[in-house]
2 protein chains.
Amino acid sequence: MTTPDAPAPDLSAAPAGLLSRYLAGDPRALARALTLAEAGRPAARPLLRAARARGTRSVVVGVTGSPGSGKSTLTSALIATLRARGQRVAVLAVDPSSPYSGGAILGDRIRMLRHHADPGVFVRSLASRGALGGLSARTMSVLALLEGAGFDWVILETVGVGQSEVDVAAVCDHTLLVVTPAGGDGVQAFKAGIMEIADVIAVNKADLPGAERTVRELLAAQGLGHHDADTWFAPVRRTVASRDEGMEPLIAAIEQHRAHLGEHGLLARRAHRAEYEVRSLVQERLLSRAREVSADLYARVARGELDADAVADTLMNAEQAAGT
Amino acid sequence: MTTPDAPAPDLSAAPAGLLSRYLAGDPRALARALTLAEAGRPAARPLLRAARARGTRSVVVGVTGSPGSGKSTLTSALIATLRARGQRVAVLAVDPSSPYSGGAILGDRIRMLRHHADPGVFVRSLASRGALGGLSARTMSVLALLEGAGFDWVILETVGVGQSEVDVAAVCDHTLLVVTPAGGDGVQAFKAGIMEIADVIAVNKADLPGAERTVRELLAAQGLGHHDADTWFAPVRRTVASRDEGMEPLIAAIEQHRAHLGEHGLLARRAHRAEYEVRSLVQERLLSRAREVSADLYARVARGELDADAVADTLMNAEQAAGT
């Protein structure tokens, strides 16, 4: 596992040769490229374009599920199985709810320690929050650089809740929903609209009582939704991640979904990630523009002196904070 | 209760005399003004400015809580008590998750039927969703028009879940959180971050077992959070809304919070509503601009032919869909 900590990096420009070293698969160059992309530096742009132009086809899996379902343990077990096949794996752990749950990321890293000495595993943590409460645009850049670095699998995991969990699913090729037998989780997940975005479902901790009932409930719930001839029914697989059990059938189910998506579907997913990135960037620019508007302007709308529409137009039309 | 259904309204312009009739308190003029504002018609703008310039001080209460906690029944009981005091009440029922839960709004309306013959009660339903998944900008306009119409109380209730529930709290003077004794709801609400936004808490269905424990848990949870000398601890009140019980102490708690906010705090809340409206309008404009960008543009970003930043700049700078 390589998680190089660059010593106080100079972000003003990409060092000479960074692009070629990144393209050659140098893990230190990758780490540097990611740091530039995270900071939104223009120096990252040629790297990003090159990464995307490569058109490499990492299997990009988003892992989602309630806290305590064992997402990190399952990710670690997936890595072990994929490495045994000789495949290279990158993990992007996102914590949009930072700084409050720094402990959670630490926990994740501890679980990943078993892959510490393995150069075929690359782990990166991000603690950034997008303008919409979901993932930041920079998360998409980092994802693209990991894809471009030629990993066979890229696993995106968030320790956040709410919008970021939903967004993880929106930006991946495959969404893996992890549920546990306890407390009828399956039915709860269905209520929350999470099941609609799941491509593959792992009933983890399947050695606990209630696992069979949960599997049955999940399958029954799928039958209730709208579906036609093309509808993908998320395969439900039992796993005991803490013992690396059930990983092969789970990986097979993800590959099955990949075949279902086909070339066209995968290209559409990549375009969708780019769209998410553009929209997030626009939101971030807007938010910083809105911050520049003096609070007095909003107070004047509240007093009936200005139209909300007029202020909105001002914000849209670059003349920053006009009207103050 | 007045809920006039205008027959296929002409929205092209405000009819002559609408402003004066609205300001005079004509309920039909109010209904028409709301329809114009909902549709975002320019004809609504002078009405909105006039409403806000009035500076009337409705008590704007947002009612939030899980489905099944009895929000609508409690709203109805609140109305009955306020009407007995001779106060005029407007209710804005928002359903951002429409069209799926049309039935829920119907249910709310049925519960409101007891106020049907009362001209001092005005009920309006909105089924619109903001660009951010929360409330729409138009919801704020409607709220401002209700305030300007001089109701003593304006109660905002959403049948949605998620972001819209949180936003209801963000745009009101007072947030009333409704919880029930069942299943340790208090602790769950605390986890979800809802308790932080509650100004007053009603433990409804307080005749059920576990009510005392829920009250204790809520009070204990409050002690855990960060607080200083100015911290407002949300009063916890027991209610049985289905029998109109506990309404006077609940109303007193809301008025207590109003005194705590003071003149300065209430002005800040109104400015905050205006800010929410402006930001939502900007989001809506942006979203429609983003829709005009051809999908091909995103695909080109995905292929590394364009920078996401460059496309974001294009979107920000009005030259719509340039680069296609």
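Chain A is the first sequence line, chain B the second, and so forth, proteins listed ahead of strands; every chain is numbered from 1.
- The heavy-atom pair separating Ser136(B) from Ser280(B) by the smallest distance is C-CB, 4.4 Å.
- Heavy-atom pairs under 4.5 Å with chain A peak, among Arg273(B), Arg303(B), Met140(B), at Arg303(B).
- For the pair Leu146(B) and Ser58(B), the tightest heavy-atom approach, listed with the atom from each and the gap, is O-OG, 4.4 Å.
- For Arg270(B), the parts sitting under 4.5 Å from any heavy atom of chain A are the backbone and the side chain alike.
- Using a 4.5 Å cut-off on side-chain heavy atoms (C-beta onward), Asp307(B) and Leu48(A) make no contact.
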Give the intermediate values and the outcome of side-chain contact (heavy atoms from CB on, under 4.5 Å) for residues Leu156(A) and Val171(A). CA-CA 9 Å; Leu156(A) 178 60; Val171(A) 302; 3.9 Å; yes
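- For the set Ser141(B), Ala299(B), Ala274(B), the count of heavy-atom pairs under 4.5 angstrom toward chain A peaks at Ala274(B).
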